[in-house]
Amino acid sequence: MLSKYIYVYNVNFSAVPTEVGFHKHTVYECIYYIKGSGCNELPDHTIIPYMSGTFLVIKPETPHKEVHYTPTAAICFGYEALDEEARFRDEYW
């Protein structure tokens with residue numbers, strides 16, 4: 001599997017509820033929720049809940065928004081898939 005690291009950052013949302021409006025990335029976004037609870041939503045209204053310990057992968061160019069119900073800490077990193085093995089088939093994982 002070949003991939004290229006693009007970014008990594010920590011996020012902390014202490015004021016709740018907090019909403020990060022619809023957005024998308026040109027790369028795969030991997031999110032590990034260290035603590036908190038909330039959900040991600042896709043434009044078709046698919047809801048993807050998260051809680052502490054959830055790991056989520058969102059494919060490139062997939063619009064999504066995030067709502068934090070409780071104070072949330074997460075680590076986000078992005079990568080570019082350089083071969084077929086580094087790609088996911090679904091919009092989210």
Side-chain angles (χ1 to χ4, degrees):
M1 172 164 51
L2 296 173
S3 61
K4 179 180 178 184
Y5 161 81
I6 303 296
Y7 63 81
V8 64
Y9 58 88
N10 294 329
V11 294
N12 288 286
F13 296 95
S14 55
V16 291
T18 300
E19 182 177 312
V20 178
F22 276 102
H23 63 285
K24 60 185 177 177
H25 310 276
T26 59
V27 297
Y28 284 88
E29 181 180 39
C30 304
I31 310 166
Y32 177 70
Y33 293 97
I34 299 165
K35 72 172 189 173
S37 64
C39 69
N40 281 268
E41 183 178 341
L42 303 179
D44 68 358
H45 303 290
T46 299
I47 302 294
I48 307 159
Y50 75 82
M51 65 180 96
S52 300
T54 299
F55 185 82
L56 181 64
V57 179
I58 301 173
K59 283 178 68 171
E61 302 301 333
T62 302
H64 59 284
K65 76 175 182 179
E66 194 169 354
V67 181
H68 309 283
Y69 304 138
T70 63
T72 295
I75 298 172
C76 303
F77 64 93
Y79 77 91
E80 179 182 352
L82 299 178
D83 66 10
E84 192 60 38
E85 291 179 346
R87 293 177 176 86
F88 285 83
R89 293 186 183 108
D90 297 322
E91 288 183 8
Y92 58 90
W93 194 264

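Nothing here was measured: the structure is a model prediction, and the numbers come from that model. One is the number of the first residue; the rest follow in order along the sequence.
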If you look at every heavy atom in [X] and [Y], which pair is closest and at what distance?
X: I47; Y: C39; answer: CG2-CB, 3.8 Å
X: P63; Y: P43; answer: O-CD, 3.2 Å
X: C30; Y: V57; answer: SG-CG2, 4.1 Å

Do the side chains of [X] and [Y] join up, straight or via other hydrophobic residues, at under 4.5 Å, putting them in one cluster?
X: I6; Y: I31; answer: no
X: Y32; Y: V8; answer: yes
X: F77; Y: I34; answer: yes

Spatial distance of atom [atom1] ([X]) from atom [atom2] ([Y]) [nearest 0.5 Å]:
X: T62; Y: F22; atom1: OG1; atom2: CZ; value: 11.5 Å
X: L56; Y: I48; atom1: CG; atom2: CD1; value: 5.5 Å
X: Y28; Y: K59; atom1: OH; atom2: NZ; value: 5.5 Å

Side chain to side chain contact (heavy atoms under 4.5 Å, CB included) between T26 and E61, intermediate numbers included: CA-CA 6 Å; T26 59; E61 302 301 333; 3.5 Å; yes
Below 3.5 Å, can you tabulate the donor-acceptor pairs from side chains in residues 9-21 to any protein atom, sequence neighbours excluded?
residue : atom : partner : partner atom : Å
T18     : OG1  : A15     : O            : 2.2

All salt bridge (Lys or Arg N to Asp or Glu O under 4.0 Å) counterparts of E66, not counting sequence neighbours: none
Contacts of K4 that satisfy salt bridge (Lys or Arg N to Asp or Glu O under 4.0 Å) - sequence neighbours left out: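 Expected list: none.
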Sidechain-backbone polar pair: H23 side chain, H64 backbone, donor-acceptor under 3.5 Å: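 Confirmed, H23 side chain pairs with H64 backbone.
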T70 (side chain) donor-acceptor with H68 (main chain) under 3.5 angstrom: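 Checked: no pair found.
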Residue that, paired with Y50, satisfies ring pair (Phe, Tyr, Trp, His ring centres under 6.0 Å) out of F55, Y69, Y33: Y33
